[in-house]
Every structure is written in C-alpha cells, then in structure tokens.
Amino acid sequence: MRMTVIGTGYLGATHAACMAELGHEVLGVDVDQDKIDSLRSGEVPFFEPGLPEVLARNLGNGRLDFTTDYQTVAEFAHVHFLGVGTPQLRGTYAADVSYVRAVIENLVPKLSGEHLILGKSTVPVGTAEEMQQLADELSPAGTTVEIAWNPEFLREGYAVKDTITPDRIVLGVRKGDSRAEEVAREVYATAIGAGTPFLVTDLATSELVKVSANAFLATKISFINAVSEVCEAAGADVTQLADAIGMDERIGRKFLGAGLGFGGGCLPKDIRAFMARAGELGADQAMTFLREVDAINMRRRDHLVQLAKHVCGGSVLGKNVTVLGAAFKPNSDDVRDSPALSVAGSLSLAGADTTVYDPEAMDNARRIFPTLTYAQSTEEAVRGADLVILATEWQEFRGIDPVRAGELVAAKRIIDGRNVLPVGAWQDAGWELVAMGRSL
Ligand code: NAD
C-alpha cells in the first residue's frame, strides 16, 4: 500500500521506516529540512537501536523516501499517518495541538479524491473530531477526507520491535460511514495475521486509551516512589518490598523500580494534558490524583539533590560531582524533561563542579545545558569525583567495575538513583553506596 507519514521525529521516522519494512511504499514528510536531509542520506537523526538498518534497507530498495514538500505528499498516496509533536503548551498544562492543526490546514486543501488520515500523535480527547470538522471545511469540492485515530504505544529504545510487532493495535473510527478499519487491516496485515489484537473503538475512546495507558504507568512509578519515601523514613527496603508485591500477578513487578522517577517527551506532558482536558470537560475532580503523581515524581529530583548534599557533608559547593546518564531512560538519546539532566543542572546551580557522561545523549544534553562539563567516557567522567550519581540505568553503568572505578575517584561515594547496582560488590570494594528508598 502507498502511504505517507507526516512528522518524522521519534515516532514518525520509525513508523515510516517500519511500514516500508513491512512492504508498503512510504513517503515521510517533515518541516525540518535538516531532519529530512539526514533521513534521505540514511542517517537517523536520533539514537534508536535497529532503526538505521531498517532505514538503509528500505531507502535502498526504493520503498522509502522523504520530502518537505506537502504537494508531493498530497499526490503520493490516499492514506496518511500523522505523527507530529503535541508538546505541553507554554504556561499551561494543556497539550499544544497547533502542529496537528497545521498539518490538516496544509495538507487537506491540496488533496483530491478520497483520503484517509490516521492520527498517531497523542492528543486530548476530542481532537480527532475537531480535525474532522476542519478537514470537512478545507476539503476541495469533490474531495472527501476521513480522520481516524490510531494511537502509538512504541517505547523509545524498542521502537522498531514495537512498531513491527505491537502488543495491540487500537483504531478509533468516526460514527457512520468509515473505511478506516478496512484500510488499517491492510496496513497492519502482517501483525494482525500473527495474532496481534486489533481493537476498533470510537474516536474519543481511542484518544483516551493512549493517555490513560500513560497515566497508569506514571501512577505506578509514583506509587512505588511514594512508598519509597516511607521506606526511607522507616528504615525499610523499597526494592525488596517491590519484589514482594510484584509477585502478585494483579500488581506485577514492571514499572515498580523506585528511584529518580519518570521523564521524557511523553509521560510528564501526557498526564498534565489529561488533567487539563478532564478539567475542560467538567471532569476535573476525576484526574486531580495525577497532580499528586506529578508532584511525587518531581520531588524525586529534588530528593536526589538533597541526598547528594547530605552525602557530601551538607553542601556540594566546590565538589566534583559526576552524573552518569543524561537521557531520560536507557537506550535512548532523548533528553526531553530528563530527570538525570535536571539533577545535573540543579547540582551545578548549587555550586558543584558537575561532569556528565551518557553513552548516546551527549549532543542533545550539551544543547540544553551547555555550561556543564561533558566527559567522553565513564572512566573520564568518574576520574577525581567526590561523588558519583547513577541517574540513567544504562547497561554500561550497571556493569561498572567498582574496584577499577574506586581507583579513579577522589572519594568512593556513589548514589544509585535507579536501584540497579549490585550493592554487595560495591560495598566490598569499599564504596559508600546510598540508594533511594533503602537504608544500606
Ligand atoms: P518529535 O518532536 O520527535 O517529532 C515531531 C516531528 O513533527 C518533528 O520532526 C517536527 O519537525 C515535525 N513537525 C512539526 N510540525 C510539522 C508539520 N506541520 N508538518 C510536518 N512535520 C511537522 O516528537 P515524537 O516523540 O516523535 O512524538 C510525536 C507524537 O507522538 C507526540 O504526540 C507524542 O506524544 C507521540 N508519541 C511519541 C512516542 C515516543 O516514544 N516518542 C510514543 C508514542 C506516542
């Protein structure tokens, strides 16, 4: 099938390349010329394991191309995926849907014939219906445009696998006449054929599925972090507690890792947008608990900074502090709302000489916090450190040899902000190891 993918960021570039991998003919479009030049030359402008190979293969076989020209997009296909950003609107909790609107305003007047736009961006409930009205107003005579919503659940770091073999496909369709299901069944024939559940809902439900999933995940993380605060006060161990409650299959161990909390381009802005939209709909009380989820999460960053000061004898002023990690999570170079960088920035403001190292996110981190010191390797980063903080749980950091690292630092002190280090090995090597939610 021929299709276009509008917006080629983390979501869109992955979707475009993976749809081509599944045998479709795909044209990706973005307003960012540099991004398009990079993708056309076979370079993924962000870190995503496996994606460079998929991109190169499908550019090579001619099934995939990229452009900045909307006219070409309008003429290329009758099925369009929309994956532009929906960031937090400055000064409010609401999502900024102006990029979504801009796509409809740009594309629809250029279309002719019958078109289907499948929205993948995470949007406030009601957006799809609003975009349908806008598309109806802007469609040239004789042209019909249907808007359906097909929320995306990919995880950065596993985006290729999640796109090619998703754990479920959700499709929101308008009431009455719709050809979205028939088209989506063809687009996702491989996954559906392999048994992937395919759920067809109304538009509003599909929009709410995505934000509800993220709100649930955020709540689970903040739950264990709130319990972690009590564990610290009571002298209990939150990791053992999480293991124990996680064995109940109704609870599950995933997303019960106490530590520095969540960040990134999705969870924080999605829970805020959910609260904002619920308020607009008059259901604000239903989502007020998310304010607490957000507050618990943000408190983790401050708590880690306080721990760092405590471990350094009351102040980090003039101390060499190494922060391992800048990406919001491992296997990604995404630093949007990154807890690791937030901690590094706060320590720097508190007077610490802060050195950061991340296996993939250095360039992105440097753009946001140019004044921090950036090391080229873990070894370089920890050399001379008065305190090391593990802030993003990259495998590389989990596997640091505490004996070797102990020879490089000025003082053997480490805060495990993710509760992933083997405590015994570090203590045996003479380190003072401080972990969140545990008294070691
Ligand atoms: P991103 O910022 O990486 O990408 C958005 C892209 O859209 C950018 O390249 C931007 O230049 C482009 N764009 C903006 N306006 C445009 C326009 N008018 N026409 C064409 N392109 C335009 O964001 P992302 O992380 O890919 O997220 C996109 C959407 O997908 C968001 O709604 C997000 O919540 C959702 N989502 C993201 C993920 C994820 O893991 N990143 C997962 C699921 C859902």
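For ligands, and for the atoms within them, numbers begin at 1 and follow the listed sequence. Values reported hereafter were calculated over all heavy atoms of this structure, with side chains retained and with hydrogens, waters and symmetry mates removed.
Interface atoms of ligand 1 facing Leu154, defined by a heavy-atom separation under 4.0 Å, are 40 (O), 42 (C). Residue contact check: Thr86 has heavy atoms under 4.0 Å from atoms 31 (C), 32 (O), 34 (O) of ligand 1. For ligand 1, the atoms closer than 4.0 angstrom to any heavy atom of Gly85 are 5 (C), 7 (O), 28 (C). With ligand atoms numbered from 1 in the order given, ligand 1 contributes 8 (C), 9 (O) to contacts under 4.0 Å with heavy atoms of Lys35.
Considering both main-chain and side-chain atoms, Lys210 never comes within under 3.5 Å of ligand 1 through any nitrogen or oxygen pair. Polar contact with ligand 1: absent for Asp270 (N/O pair, distance under 3.5 Å). Of the N or O atoms in Asp32, none lie within a sub-3.5 Å distance of an N or O in ligand 1.
Within a 6.0 Å radius of OH in Tyr374, other residues, nucleotides and ligands contribute more than 12 heavy atoms. Around CZ of Arg299, the count of heavy atoms belonging to other residues, nucleotides or ligands within 6.0 Å exceeds 12.
Under a 4.0 Å N-O distance rule, the pair Glu181/Arg185 qualifies as a salt bridge. Ion pair Arg63/Glu25 not flagged as a salt bridge, since none of the NZ, NE, NH1 or NH2 atoms sits closer than 4.0 Å to an Asp/Glu carboxylate oxygen.
Residue contacts with ligand 1 do not include Arg155, since none of its heavy atoms lies under 4.0 Å from the ligand. Asn106 does not count as a contact of ligand 1, since none of its heavy atoms falls under 4.0 Å from the ligand. Contact analysis puts Tyr70 in contact with ligand 1, with a non-hydrogen atom separation below 4.0 angstrom.
Taking atom 43 (C) of ligand 1 as the reference point, the nearest protein heavy-atom neighbour is Glu152 O, 3.3 Å. The protein atom (non-hydrogen) at minimum distance from atom 35 (C) of ligand 1 is Thr122 OG1, 3.6 Å. When only non-hydrogen protein atoms are considered, atom 4 (O) of ligand 1 lies nearest to Gly9 CA, 3.2 Å. Of all protein heavy atoms, the one lying nearest to atom 36 (N) of ligand 1 is Leu11 CD1, 3.5 Å. With hydrogens left out, the protein atom closest to atom 25 (O) of ligand 1 is Arg336 NH2, 2.8 Å, a heavy atom. Among protein heavy atoms, atom 6 (C) of ligand 1 sits closest to Asp30 OD2, 3.7 Å. Scanning all protein heavy atoms for the shortest distance to atom 39 (C) of ligand 1 gives Glu156 OE2, 3.5 Å. The single protein non-hydrogen atom nearest to atom 13 (N) of ligand 1 is Val84 CG1, 3.7 Å, given as residue, atom name and distance.
Classified by interplanar angle (parallel below 30°, tilted 30° to 60°, perpendicular above 60°), the ring pair Trp394/Phe47 is tilted. Using cut-offs of 30° and 60° for the angle between ring planes, the His80 and His115 rings count as parallel.
No donor-acceptor contact under 3.5 angstrom links the side chains of Asn225 and Ser228, judged on distance only. Between the side chains of Ser178 and Glu146, at least one donor N or O sits under 3.5 Å from an acceptor N or O.
The minimum heavy-atom distance linking Val145 with Ser139 is given by the pair CG2-OG, 3.6 Å. Contact detail for Val335 and Ala365: the closest heavy-atom pair is CG1-N, 4.1 Å.
Looking at Ser121 against ligand 1, both its backbone and its side chain come within 4.0 Å, counting heavy atoms.
Ring centroids of Phe46 and Tyr10 are separated by less than 6.0 Å, placing the two rings close together.
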Could you walk me through whether Arg2 and Glu75 pass the salt bridge (charged side-chain N to carboxylate O under 4.0 Å, His left out) check?
CA-CA 11 Å; Arg2 283 168 84 91; Glu75 290 164 14; over 6 Å; no
